[in-house]
Every structure is written in structure tokens, then in C-alpha cells.
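Inspection log for the structure reproduced underneath, given as C-alpha cells.
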Amino acid sequence: MASSAAALAGKREVHSVGFNLGVIALFTALLGLGAAYLISGAEHGAPGGGAPARLVTRTLGGTTLEIPIGWMNGNDDQGAASFAKQVDLTLTIPLGPDGAMRSIDVTLTQRSRVRPSASLLDGVYLHEFGQQQLAGPPGLIGKPMAAGDGYDNETVWYDPIAPSPFVAKCQAPIADGQPGKCLRTVYLGSGIAAVYGFDDDILVNWKKFDAELHPLLSQIGAV
């Protein structure tokens, strides 16, 4: 009888140990899955989120940039090389109507390769304006470019008051239901310029444009 009881106790002990080991293995697997999810989210998360787990380094001119890998544009062909003539990013921020999220393509390059849009307003665009003036986002004037010379179906939107005005040149939509596309170039710090490409409905929040983008570009060392 005592032998049977001992055998039964032994079976229970073996079963208990097996059960506990199974629980530990399941818990460990869940922890690993959670860690992988957090790392993936940090690498590819939206700007302004938690500190990314991985950074890539690009040296543009004399400036070294440390960029979250999730910000890099898929067209970037620098691979593992650190020196670059330009750096292509895509940032998603709440600059659409009613704070809707919008993607903005950002090309960082050396100042010597581009002219800022504010400079082009006086030096080029004013001489190409047609007679019409368009109504649009409050605070901006819209002037269609005269046809010809490559400016067909383009409109320049600018702030007529500021000494260093917001200026964007926008192409009309190529198909119904699609947004127009705009370009704006500005000079940042350390000899770097930024060329922004964005949908024209972002113009409604033009006053917030730099306030949203500059902190992100400062974070990587571009401002």
C-alpha cells in the first residue's frame, strides 16, 4: 500500500514539474514575441514616437546625420555607405485638413545644389505669373504660372507679408480625385537644404509646416 502511494506521489510530482516547465516556456515565448514587436515598432514607428532601436548614418557635406531607419525613403540607394549627395526621407505628420496624417517626402541636399523657394519667388516666379489670382488657404496668395516654359498647370502659393515668406509651387492634379503635388525648398542649418514634396491639401496648415518638420529634422542633426 505504501509502495502504491509513493508511486502515485511520484507521478504527481513529475506531472507538476512538467506543467511548470510548460508554463515557463510559454511565458518566455510571449516575452520574446513582445520584445520583437516593440523593436519592430520602434524601427518603423512614426516621427515623434519613442526612441528608435536602429539608426543609420549619412554624412551630407560636413554634417553627420543620425536617422531612424523607418524614416528612410525606399528610393534611398546609399546602402551601408555613410557619405551621400542627398538623403531621401518620408515623414508622416498631422498636417492635412483637421489634423489628418499626411506623408511628406523630404530630400536633404547641399545648399549649393538648390535655390530656396523664397528666393525663386522674386527671382523667377514673379516674372512668370499670369494675370489671374486664385482664392485659397487663408493668408496665401495663389498665382497661376503663365503657360509655356515648362510651367503649364502650375500655381505658386505664397505669403505676401513675411520677409522670408512661405512659398510652394504646386502642379494641378493629373486625374480627377487625386491631389495636386507641391514642392517647397528651404535652407536649413549646417549648409543643408530641404526639398519638400507634399499633397496640396497640406497648404491649409502652411503656418504649422515648419513648426512640425523642423523639430524632426533637428533631431537627426539637419537643423
Side-chain angles (χ1 to χ4, degrees), residues 46-48 70-77 86-109 111 113-188 192-217 222-223:
W71 296 13
M72 299 297 292
N73 189 295
N75 295 325
D76 180 81
D77 61 357
Q86 69 180 51
V87 177
D88 297 319
L89 312 175
T90 297
L91 304 179
T92 303
I93 51 180
L95 277 179
D98 299 321
M101 301 299 289
R102 290 291 184 270
S103 293
I104 296 180
D105 293 326
V106 184
T107 296
L108 302 178
T109 188
R111 288 189 179 191
R113 301 183 66 193
V114 294
R115 288 181 63 182
S117 296
S119 173
L120 290 172
L121 177 64
D122 291 330
V124 177
Y125 297 153
L126 284 175
H127 306 289
E128 302 292 341
F129 285 162
Q131 297 299 315
Q132 186 181 7
Q133 181 169 311
L134 304 179
L140 293 182
I141 288 178
K143 294 289 290 184
M145 306 289 281
D149 295 328
Y151 292 117
D152 293 6
N153 300 315
E154 292 188 344
T155 299
V156 172
W157 296 93
Y158 66 97
D159 170 15
I161 298 176
S164 181
F166 177 97
V167 180
K169 182 165 66 72
C170 301
Q171 177 74 41
I174 59 176
D176 292 341
Q178 294 186 359
K181 298 295 183 179
C182 300
L183 288 175
R184 178 183 181 230
T185 301
V186 300
Y187 282 168
L188 304 175
I192 293 177
V195 182
Y196 300 119
F198 54 93
D199 292 348
D200 61 358
D201 65 355
I202 285 177
L203 290 173
V204 299
N205 285 316
W206 67 273
K207 292 182 179 181
K208 300 179 181 179
F209 196 96
D210 291 335
E212 291 283 348
L213 283 160
H214 277 199
L216 300 176
L217 298 178
V223 177

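A quick note: this is a predicted structure, and the numbers were derived from the prediction, not measured.
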Which atoms form the tightest heavy-atom contact between [X] and [Y], and what is the distance?
| X | Y | value |
| --- | --- | --- |
| P160 | G139 | CD-O, 3.6 Å |
| P165 | P163 | CD-O, 3.4 Å |
| P215 | D210 | CD-O, 3.9 Å |
| Y187 | R111 | OH-O, 3.5 Å |
| P137 | W157 | CD-CZ3, 3.8 Å |
| Q133 | I141 | CD-CG2, 3.8 Å |

### Message
Is there a side-chain contact (heavy atoms from CB on, under 4.5 Å) between T107 and V87? Walk through the geometry before answering.
### Response
CA-CA 6 Å; T107 296; V87 177; over 6 Å; no

### Query
How would you list, by chain and number, every residue that makes a salt bridge (Lys or Arg N to Asp or Glu O under 4.0 Å) with D105, sequence neighbours excluded?
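Not a single residue meets the salt bridge (Lys or Arg N to Asp or Glu O under 4.0 Å) criterion with D105.
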
### Task
Report the residues that fulfil salt bridge (Lys or Arg N to Asp or Glu O under 4.0 Å) with D122, sequence neighbours left out, ordered by chain and then residue number.
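Partners of D122 under the salt bridge (Lys or Arg N to Asp or Glu O under 4.0 Å) test: none.
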
#### Entry: Residue pairs involving residues 137-147 (criterion salt bridge (Lys or Arg N to Asp or Glu O under 4.0 Å); sequence neighbours excluded)
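Every pair satisfying salt bridge (Lys or Arg N to Asp or Glu O under 4.0 Å) with a residue in residues 137-147: there are none.
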
Atom pair [atom1] ([X]) and [atom2] ([Y]), whose distance is rounded to the nearest 0.5 Å:
| X | Y | atom1 | atom2 | value |
| --- | --- | --- | --- | --- |
| L89 | L108 | CG | CG | 5.0 Å |
| M145 | N153 | CE | CG | 12.0 Å |
| T90 | N73 | OG1 | CG | 3.5 Å |
| T92 | W71 | OG1 | CH2 | 11.0 Å |

### Within residues 169-178 or reaching into it, pairs that qualify as side-chain hydrogen bond (donor to acceptor under 3.5 Å, both in side chains) - sequence neighbours excluded
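Pairs touching residues 169-178 that pass the test: E154-K169.
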
### Task
Not counting sequence neighbours, list each pair that qualifies as a disulfide (SG to SG under 2.5 Å) and has a residue in residues 146-186.
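Those involving residues 146-186 are C170-C182.
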
Taking the side chain as C-beta and beyond, is there a heavy-atom pair between [X] and [Y] under 4.5 Å?
| X | Y | result |
| --- | --- | --- |
| V106 | D88 | no |
| S117 | T185 | yes |
| E212 | P94 | yes |

Would you give me the side-chain donor-acceptor pairs under 3.5 Å for residues 193-208, sequence neighbours excluded?
residue : atom : partner : partner atom : Å
D199    : OD1  : K181    : NZ           : 2.5
D200    : OD1  : G180    : N            : 3.3
D200    : OD2  : G180    : N            : 3.2
D201    : OD1  : R102    : NE           : 3.3
D201    : OD2  : R102    : NE           : 3.1
D201    : OD2  : R102    : NH2          : 2.7
N205    : ND2  : L95     : O            : 3.0
N205    : ND2  : G96     : O            : 2.9
W206    : NE1  : P138    : O            : 3.0

### Query
Which of these passes side chain to side chain contact (heavy atoms under 4.5 Å, CB included) with V124: L121, L126, L120?
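Result for side chain to side chain contact (heavy atoms under 4.5 Å, CB included) with V124: L120.
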
### Message
Is it the case that the side chain of D98 and the backbone of A100 share a donor-acceptor pair, with hydrogens and angles ignored and the cut-off at 3.5 Å?
### Response
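The answer is no, because no donor-acceptor pair under 3.5 Å joins these two groups.
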
